[in-house]
Amino acid sequence: MPELADRLLDYWVAGYRPADELVGDDFDFVAMAGEDFTFLAGHHTERDSFFLFHNRAAVWDGPETPPFVALHITRDPDARTFRFGASGHPLVPLAQGWLIGRGCPPEDTVVSNADGPRPADTLTTSLETWLRTNPGGRYEVLEHHNRTWESWTLIRDSHPDAAKAPYRLFLDKVSRPSHTYTLREGAFPTPEEAADWLADPSLPFPYASAPAGVRAEAALTRSPQPQSRYAAPPDPVVEPRPTAPTATARPGRGRS
């Protein structure tokens, strides 16, 4: 286990103390868990530090443990104290959006892990941008299930345009041979129908119509956008048929 001084340096709070006892206890818990964190992105100012991590231990903790952790530390240079907030997320763009909403510049949420898989196509990067920005706060994560190579996230879309099928199932699948990944969105009228598809993914997948914002984003191919796991442009690949992890339990209120 790393010494406290090393952990303080890792999180840019060396020379600072927790603002109160509760902050100190919570920070100790996060710092100890941080032994399993892989740094993906970050941004620092005099008062604020933002971190995006991959939690390597999530695969051992169970499929409902979010694999990505967003951390925001706020320092008071006068009092030499700090506070922080942390949030777990099933998908990188959701973690990026959490950081952006707290003041992190979007360009500094770009993942720096060049060894990770890259987006397979424009639809994947466009859907990631849409989730990252979460316009109008329309998305609410209900449940998620993560494995090493594929995951699903059930989200409720509160926008009026999605009223007929507000339950959106996002499938994230990594292709090991091509070292790429795809993200796809399905639209379901009820969470039970999403659960039925997860129980039998041989059923037709009800692809969601791309929102106008996604269609516009796909057209702006020359505009730089934060990439989820790789900074290089993707190579074209043949889109695989979406599959999901074996799941028999129906989605309910999950953790995010």
Side-chain angles (χ1 to χ4, degrees), residues 40-41 52 67-68 70 89-101 104-114 116-142 144 146 149-175 178-188 194 204-244 256:
L40 298 179
L52 175 58
F68 302 102
H89 300 271
L91 296 170
V92 168
L94 296 175
Q96 291 170 321
W98 188 90
L99 292 172
I100 293 169
C104 184
E107 61 273 16
D108 286 334
T109 66
V110 176
V111 170
S112 60
N113 179 17
R118 57 187 183 274
D121 50 30
T122 301
L123 179 56
T124 295
T125 55
S126 297
L127 285 174
E128 287 182 323
T129 299
W130 197 247
L131 285 173
R132 185 181 302 113
T133 56
N134 189 13
R138 61 189 289 174
Y139 292 129
E140 175 192 3
V141 175
L142 301 178
H144 53 84
N146 297 279
W149 302 111
E150 57 187 20
S151 68
W152 58 259
T153 302
L154 184 65
I155 288 176
R156 184 180 180 275
D157 187 348
S158 62
H159 195 277
D161 290 348
K164 292 184 178 180
Y167 295 93
R168 302 304 173 100
L169 191 64
F170 286 87
L171 304 177
D172 183 4
K173 185 172 183 179
V174 175
S175 171
S178 63
H179 205 53
T180 61
Y181 66 95
T182 56
L183 184 65
R184 295 294 181 264
E185 178 187 9
F188 296 86
F205 187 68
Y207 287 97
S209 299
V214 169
R215 294 195 297 269
E217 173 63 29
L220 296 175
T221 55
R222 291 178 295 177
S223 297
Q225 297 293 338
Q227 300 280 336
S228 281
R229 302 177 215 170
Y230 199 81
D235 297 323
V237 299
V238 177
E239 176 187 338
R241 188 188 187 283
T243 59
S256 62

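None of the values given here were measured: they were computed from a predicted structure.
Under the 4.5 Å side-chain criterion, counting only non-hydrogen atoms from C-beta, T129 is in contact with R132. Within the 4.5 Å cutoff, the side chain of Q96 has heavy atoms near those of the V111 side chain. Contact annotation: the side chain of R184 approaches that of T124 to within less than 4.5 Å [non-hydrogen atoms, C-beta and beyond]. Y139 is not listed as a side-chain neighbour of L94, based on a closest heavy-atom distance of 4.5 Å or more.
In this structure, CG in L183 is found 10.0 Å from OG1 in T125, a value given to the nearest 0.5 Å. Atom-to-atom distance recorded for S175:OG and R118:CZ is 10.0 Å, nearest 0.5 angstrom. Interatomic distance, CD1 of I155 versus CG of L91, reported as 6.5 Å (0.5 Å rounding). How far OG1 of T180 is from NZ of K173: 11.0 Å, rounded to the nearest 0.5 Å. How far OG1 of T182 is from CG of L127: 10.0 Å, rounded to the nearest 0.5 Å. Residue D172 holds its CG atom at 7.5 Å from CD of E128, rounded to the nearest 0.5 Å.
The minimum heavy-atom distance linking A187 with A165 is given by the pair CB-CB, 3.7 Å. The nearest pair of heavy atoms linking H159 to D157 is N-OD1, 3.0 Å. Considering all non-hydrogen atoms of both residues, W98 and A70 come closest at CE3-CB, 3.4 Å.
Applying the side chain to side chain contact (heavy atoms under 4.5 Å, CB included) test to P135 and every residue at least two apart in sequence or in another chain returns W130, T133, R138.
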For this session: Give the C-alpha distance, both sets of side-chain angles, the deciding distance and a yes or no for side-chain contact (heavy atoms from CB on, under 4.5 Å) between Y207 and E185.
Result: CA-CA 6 Å; Y207 287 97; E185 178 187 9; over 6 Å; no

